[in-house]
Amino acid sequence: MTDILLILGDTQLMSLFTAAAFIVVGLFAAIFLDNIIKKIIGIAFIEEGANLFIVALGYKAGGVVPIFLPGMSADWFAANSAYPLPQALVLTSIVIGASTLAVMLAISMVLYKKYGTLSASEILGDKKTQTLAEKNAGDNNE
Amino acid sequence: MNEFIPLMVIIPIACALLLNLFHKKDKTVILMGIIVAIVLPIIPLIANYGLHYFGGHAPLITNSTLLSTLPSTIQNSALALFHPAVTYSYGALQKIFIFILGIIAFFAIFNSLSQNKKVSGPLMFLMFMGTAAVTAILLSDDIFHMYIFFEISALTQTGIILTSKTENNYETALKYMILGSIGGPLLLLGIGFVLGAVGSVNITDIVYAISHNLVDPLSPTLLFAFGLIFFGWLYTSGLPPFHTIKSGVYSKALPNASVLLQAFTVIIFIAIGIAIFRIFSYLPFFKTLIVVFSLIAMVLGVTMAIMQTDFRRMIAFLAVGELGYIGLGFGLATKLSITAGLFQAVNELVITALLFIGFGTILYLTKISDTRKLGGMIQHNSIVAIMVLIGGFAMAGVPPLNGFQSKLMIIQASLQSGFPEISIIAILVSIVTFMVFMKAYHSIYLKPKPNDLVGADKLVPRSSIAAIAILLIICIVLGLFPHLVTDNISQFAMGLI
Amino acid sequence: MIEVVVMIIAILGCILAILQRDLLKVAILTGINGACVAFLFQFLLAPDVALTQAIVGTAIVPVFLAMAIYKTQRMDDK
Amino acid sequence: MGYYDRIVYSLRNVTNIKGKLKRDPTTNESVSSALAAELTIISTLLIASLLLRHINIVLTIVVILGLGLILVTNMPIIPKLKREQSDSLEKMTFYAILTLGILITLIYWGTTNV
């Protein structure tokens with residue numbers, strides 16, 4: 001019981017577990033789900049997990065935010081602040097993730113207009129799927 | 001401090017952003033595009049070798065007055081040596097590759113300017129942006145910085161596919177992005193593991209920390225990081241299992257843009273490959289892994305290329321297969337083999353660009369890319385046909401040309417390191433490469449002309465002919481005087497080992 | 001202990017998100033997930049990252065998703 | 001059917017590859033290229049497995065004999081390979097994840113247990 005409490009109290013370890021859970025769930029969604037939007041959401045989860053992982057690396061239990069305020073001594077700050085480098089990196093990668101997501105959603109909107117479905121196995125499989133235009137042409141012929 | 005080094009990245013980005021401001025003033029846009037495209041290969045020639053620290057934050061050890069004010073825990077530890085800023089390092093290798101990239105970007109931009117009616121617009125923006133991103137990847141000494149610019153270049157590659165009006169380009173783009181979004185974050189995760197183990201993302205620092213046993217070199221963290229980064233490398237460079245999507249990407253873009261796409265891939269391959277080599281080459285199975293994946297890439301690339309009917313897809317698979325030769329160079333890990341691999345990278349950049357532009361003229365004339373519906377194009381413009389033929393010879397490794405020199409060096413290197421099997425496979429694959437090329441060439445140029453083939457009344461654009469001719473001259477010059485490149489590269493390879 | 005609760009909500013949010021059939025609910029759950037991650041960044045002593053994540057994760061990403069769903073279809077076919 | 005017959009049969013199958021190549025209009029070119037691809041892949045696989053001699057000679061002999069047998073009995077490999085290398089997202093993701101799994105397993109267990 002005390003072990004579990006110790007683990008639960010360790011914020012860094014728990015954050016790493018959370019990040020792992022995000023990545024696993026995201027990979028599952030990106031690989032096994034058929035709907036393109038859900039695949040894209042899964043990808044967003046993977047990216048979120050990676051970000052959380054990197055930020056959690058810089059955490060220091062009982063530390064302070066890495067902002068150097070007047071009145072702090074340099075030695076104390078160096079010993080007690082969280083590591084700021086991972087945070088700086090994650091800022092960039094959040095933005096990259098969002099832009100990738102936006103591009104993918106835009107492409108899936110175009111593909112929906114063409115095929116009338118969001119199923120990845122129909123749109124992105126190797127079999128030729130009828131586009132909406134072809135379907136309409138077929139209906140008119142009948 | 002050398003101000004030209006960041007300019008290599010800043011100028012194309014600025015140009016990409018500014019070009020579309022002058023929309024509808026076509027002359028200004030063309031002038032600006034061409035001037036920048038000419039400047040791109042010139043800057044690396046006039047810049048001096050050196051390091052550039054962004055924000056001027058040099059390592060503490062170089063600034064003794066600042067160092068003396070700091071606590072002694074910092075002064076005496078490795079922190080004093082670590083690089084606090086993003087560092088660009090510019091050396092002989094970067095000079096060659098940025099110069100070649102500049103030339104190829106120039107031809108790609110020049111050709112698309114002369115063949116497209118709309119001069120400004122997304123394609124130009126993406127081309128310049130991608131060039132800048134790839135240059136930054138090559139210059140950067142910072143593994144996270146590489147990742148960021150790689151993601152930018154992946155976005156621009158997607159964009160370049162989207163701007164072409166090829167059939168099913170949106171599907172290919174989405175597939176590439178979905179696969180990329182599995183590969184990219186895993187690469188980021190690997191970088192995170194390295195960051196967690198070492199505390200820095202600068203490659204020099206990581207190498208220092210590992211080689212001075214500041215971290216345990218065989219710790220599970222670093223092993224896991226290596227696995228993830230290696231997987232990310234496979235994705236970034238289109239080695240198997242990503243060779244199908246990479247060749248799909250090449251074949252869905254316009255040929256002039258494919259020239260740039262393959263240049264991006266080759267340069268990302270070597271840049272991240274060198275980074276991985278510097279960090280992880282101490283691992284016992286490192287070389288085996290690279291050799292295995294290179295061999296698979298060569299064999300699969302070439303066998304899949306034979307079975308295609310679309311000539312763009314053929315060259316695309318060949319380009320992926322040729323990457324295997326570069327990988328072999330890294331995998332054998334001797335001075336000669338690394339020199340040979342990097343020399344092969346230079347040659348592949350030039351030759352694949354030549355073939356894409358050369359076969360691109362067929363697409364420009366007929367709008368057909370299916371080899372079964374083409375034929376007899378040699379009557380139309382025999383000079384281009386002959387130049388493309390020589391380009392194909394260079395790719396397959398026919399003696400006086402550059403492909404021969406680099407492949408010969410790779411074969412010698414593998415013989416010297418005691419792997420004659422690898423050299424046999426390399427020869428076999430280059431023979432089949434030749435066969436694939438001759439198959440494409442025969443069915444496009446030499447076969448009797450089908451009756452229903454029309455639209456060949458246009459002339460081949462002069463810009464394409466000029467580009468092919470100049471690239472061919474580079475091929476021949478490099479074939480006759482390989483030491484122009486190999487001298488510089490072998491210095492670099494010596495430093496790498 | 002509050003961070004553990006936030007983590008559990010975040011994980012539940014993302015598991016629920018991929019189990020939903022209604023894609024609009026998925027978008028909202030993604031927003032909740034993003035907000036939880038922003039809180040976590042705050043707990044992990046990264047306030048600037050938390051700010052960015054709060055904007056991107058709770059506002060921009062769900063809005064993008066909702067717009068994409070509006071332009072396509074709301075229900076997952078399967 | 002004896003192995004000799006089987007080899008001859010499968011060789012005949014290779015030359016009869018046009019039936020396996022879906023509905024593509026078959027020409028001499030496509031048959032010859034399929035043959036070339038077939039021979040390339042078999043010979044490179046066999047030659048590459050020779051590299052195992054750096055680990056163990058007996059293993060090499062066993063692997064080469066086994067691989068040769070498998071390859072010859074499954075002779076028209078290229079159509080199967082081409083079907084696996086198609087542009088379908090599912091297949092590409094499958095192979096990517098498979099590679100990732102193999103890589104991580106090899107790297108982790110390969111270093112801690114050697």
Side-chain angles (χ1 to χ4, degrees), chain B residues 168 171-172 174-175 178-179 182-183 186 218 220 223-224 226-228 230-231 234-235 240-245 247-248 283-286 288-289 291-293 295-296 298-300 302-309 371-372 418-422 424-425 428-429 431-432 435-436 439 442-443 447, chain D residues 17 21 24-30 32-55 60 77-79 81-112 114:
Chain B
N168 288 345
E171 285 86 341
T172 309
L174 188 58
K175 282 179 213 167
I178 289 179
L179 280 178
I182 295 172
L186 290 181
L218 290 178
L223 289 177
F224 209 67
F226 169 62
L228 291 172
F230 190 81
F231 183 74
L234 294 182
Y235 152 61
F242 297 101
H243 61 296
T244 27
I245 187 62
S247 60
L283 291 174
F285 39 77
F286 174 80
T288 325
L289 270 182
V291 168
V292 166
F293 275 97
L295 287 179
I296 298 176
M298 281 158 66
V299 174
L300 281 185
V302 120
T303 46
M304 285 297 113
I306 301 184
M307 304 297 295
Q308 302 301 324
T309 50
T371 48
R372 289 169 301 189
F419 297 111
E421 297 93 342
I422 292 179
I424 294 172
I425 295 177
L428 201 67
V429 169
I431 293 171
V432 184
M435 180 188 156
V436 178
K439 188 192 161 199
H442 172 262
S443 54
K447 205 169 66 180
Chain D
I17 211 159
L21 285 176
D24 288 352
T26 313
T27 56
N28 284 336
E29 253 175 50
S30 67
S32 66
S33 50
L35 257 176
E38 186 88 26
L39 293 177
T40 316
I41 204 146
I42 292 176
S43 49
T44 41
L45 271 179
L46 289 178
I47 296 171
S49 55
L50 269 179
L51 282 172
L52 285 174
R53 78 194 150 88
H54 292 277
I55 301 171
T60 320
I77 302 168
I78 286 295
L81 194 68
K82 200 185 172 194
R83 218 175 308 135
E84 287 307 306
Q85 306 284 320
S86 66
D87 276 345
S88 155
L89 179 70
E90 285 164 12
K91 279 179 182 148
M92 289 194 281
T93 333
F94 170 73
Y95 283 107
I97 297 297
L98 188 72
T99 317
L100 179 67
I102 293 174
L103 257 182
I104 298 288
T105 323
L106 264 185
I107 288 171
Y108 189 76
W109 288 98
T111 329
T112 46
V114 170

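So that the names make sense, note that chain A is the first sequence line, chain B the second, and so on, each numbered from 1.
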request  = Could you tell me the separation between the CD1 atom of D/Ile42 and the OG1 atom of B/Thr303, rounded to the nearest 0.5 Å?
outcome  = 11.5 Å

ask   = So, for B/Pro241 and D/Thr99, which heavy atoms are closest and what is the spacing to 0.1 Å?
value = CG-OG1, 3.2 Å

remark   = Between B/Gly227 and D/Ile107 the two heavy atoms that sit nearest each other are CA-CD1, 3.5 Å

task = Would you mind checking which part of B/Ile178 comes under 4.5 Å of any heavy atom in chain D, side chain (CB onward), backbone (N, CA, C, O), both or neither?
result = side chain

inquiry  = Would you compute the distance between atom CG of B/Leu186 and atom CD1 of D/Ile104 and round it to the nearest 0.5 angstrom?
reply    = 8.5 Å

ask   = Can you say whether B/Leu300 sits under 4.5 Å from chain D via the side chain, the backbone, both, or neither, judging by heavy atoms?
value = side chain

ask   = Is it the side chain or the backbone of B/Leu283 that comes within 4.5 Å of chain D heavy atoms, both, or neither?
value = neither

note = Taking every heavy atom of D/Ala34 against every heavy atom of B/Met307, the minimum-distance pair comes out as CA-SD, 3.8 Å

inquiry  = Minimum heavy-atom separation for D/Ser43 and B/Leu428, please, with both atom names.
reply    = OG-CD2, 3.5 Å

task = Check each atom of B/Ile182 against the heavy atoms of chain D and say whether the ones under 4.5 Å are side chain, backbone, both or neither.
result = side chain

Interchain contact, D/Leu81 with chain B, by part (heavy-atom threshold 4.5 Å) = both

key: Part of B/Phe231 lying under 4.5 Å from any heavy atom of chain D   = both

query = Is B/Ile245 close to D/Leu89 at the side-chain level, that is, under 4.5 Å between some pair of heavy atoms?
reply = no

key: Between CG on residue B/Leu228 and CG on residue D/Leu100, distance to nearest 0.5 Å   = 6.5 Å

remark   = Correct closest heavy-atom pair for D/Arg53 and B/Gly418 would be NH2-O, 3.7 Å

inquiry  = Rounded to the nearest 0.5 Å, what separates atom CG in D/Leu50 from atom CD1 in B/Ile422?
reply    = 11.5 Å

message = Checking B/Val292 against D/Leu51 for the side-chain contact (heavy atoms from CB on, under 4.5 Å) test, could you report, in this order, the C-alpha distance in whole Å, the side-chain angles of both residues, the deciding distance, and whether it holds?
response = CA-CA 10 Å; B/Val292 166; D/Leu51 282 172; over 6 Å; no

Partner chain B: residue of D/Leu98, D/Leu106, D/Ile47 with the largest heavy-atom pair count (under 4.5 Å) = D/Ile47

message = Among B/Val291, B/Leu179, B/Thr172, which residue has the highest count of heavy-atom pairs closer than 4.5 Å to chain D?
response = B/Leu179

ask   = OG1 of D/Thr40 to CD1 of B/Ile431: how many Å apart, nearest 0.5 Å?
value = 9.5 Å

ask   = Nearest 0.5 Å, what's the CE-OG1 distance between D/Met92 and B/Thr244?
value = 5.0 Å

query = Relative to chain D, which segment of B/Phe286 carries a heavy atom at a distance below 4.5 Å: side chain, backbone, both, or neither?
reply = neither

